[in-house]
S.K.: 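Have a look at this one.
Numbered from 1 within each chain, the chains take letters A, B, ... in sequence-line order.
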Number of protein chains: 2
Amino acid sequence: MTKTPHAKDARAASETALLDAAERLLVDVGHAGITTRRLAEAAGVNHGLVHYYFGSNENLLVRALERFTDRLIARQRELYASDEPFVEKWRTAMRFLVAEDVTYEKVWLELQALAWNDEGLRERLSGVNAEWRAVLAEAFAEPHRKLGLQIPLDALVSLVITFNLGVIVERLGGIETGHAELLDWIDGWLSS
Amino acid sequence: MTKTPHAKDARAASETALLDAAERLLVDVGHAGITTRRLAEAAGVNHGLVHYYFGSNENLLVRALERFTDRLIARQRELYASDEPFVEKWRTAMRFLVAEDVTYEKVWLELQALAWNDEGLRERLSGVNAEWRAVLAEAFAEPHRKLGLQIPLDALVSLVITFNLGVIVERLGGIETGHAELLDWIDGWLSS
DNA sequence: CGGCGTCTTAGTCATTCGTCTAAGTCATCT
DNA sequence: AGATGACTTAGACGAATGACTAAGACGCCG
């Protein structure tokens, strides 16, 4: 029943290597360019393992999505769960948003683009979105009340999520015009 | 030198059919699923024509992007160039944004996703973005002044563009939570 | 220490891909 | 009417793909 520790480690390592490679390839060539063999080559494992471990190319990407979204939610929770004042959390989040490195965002949006054409993935994504939304709604509840904003909390959360998503998409397209101005203004407004 | 009118028409018709098929396939299967043969089949033409007319599969998608973005900009200009009061233009734009049919948006974002992995396409897209931005900046200049908004015009335009883009991406992922609330609030705020 | 079950490898298989070409078609012009 | 030249078609080509498998390697357990 119990697997040998070494073999278990080796298998886990190979699986991780493949999932890591999937993320790397999503960044480098996009989901359209991911093939079994390229995946295996990037992970440094035999290409037959993709089928043996994951059943299929597509399944591997599903697993990659699961792993990635778990981390995504964890990161969000961690960010907004700290004891810092809200404005500091916001600033941290925005620093991530316009960081030079778009690796994380590229993986995330390539997976979304993949889901646009895959009903199963789409359902999974909407679950993640609901979680993300819940985290933000909780984080924004206090400042929303304190600042006496007229916009309903629901609408505010949607505004934040969508404009963040839009910024990411624009950045992936090589567009950054106006982003700094927008974030600066929000920051100034929050500070006052 | 001059081509025969009939032949010219036939060729133009076939090219158009292929470009139309490309858009249809972008909606139905995404850019990753577009192949020479499928394209030709969907357009009802011989698959060799893709090479004969466009040189390559990729070139055809570039042409599809050009045609689509031309229409996109034209639509934007038309919308914001009318004599209606600003609030009516806004409402029309928002009605498009949350219309049931996401065909237009799907084509647009599939092309963007394609561009994420293609330097040439990315440059073309940033040009389109700049045009769009200019149209919006002009349209928002008056209401921005009249309403005495504190947010700089640049930042406002970015906010509008990015939140629109985010709404589109969420909708393509099957997510609509909060959109109606957000748009309703904006509408109410504009009306007051 | 030898059998045993799991992991790993190399390789096969049919299919599909993009590209390209040779042969055929057809409207036009002399 | 026949030649011309652009357009269209069917098909061939090698390369690459995802799926799958048989055989070997490896480490554990009795």
S.K.: Reading nucleotides 9-19 of chain C from the 5' end, what letters show protein touch, with B for base, S for backbone sugar-phosphate only, - for no heavy atom under 4.0 Å?
M.R.: BBBB----BBB

S.K.: Could you check whether A:Tyr104 and A:Phe68 have their ring centres less than 6.0 Å apart?
M.R.: yes

S.K.: Taking 4.0 angstrom as the limit, do B:Glu88 and B:Arg91 come out as a salt bridge?
M.R.: yes

S.K.: Run the side-chain contact (heavy atoms from CB on, under 4.5 Å) check on B:Val135 and B:Glu131 step by step: do they pass?
M.R.: CA-CA 6 Å; B:Val135 172; B:Glu131 278 196 76; 5.6 Å; no

S.K.: Of all heavy-atom pairs between B:Ala137 and B:Val157, which one has the smallest distance, and what is that distance?
M.R.: CA-CG2, 3.7 Å

S.K.: Rounded to the nearest angstrom, tell me the gap between atom CD in A:Glu41 and atom P in D:dG18.
M.R.: 13 Å

S.K.: Holding to ring pair (Phe, Tyr, Trp, His ring centres under 6.0 Å), I want the full list of residues that pass it with B:Phe86, two or more places apart in sequence or in another chain.
M.R.: B:Phe140

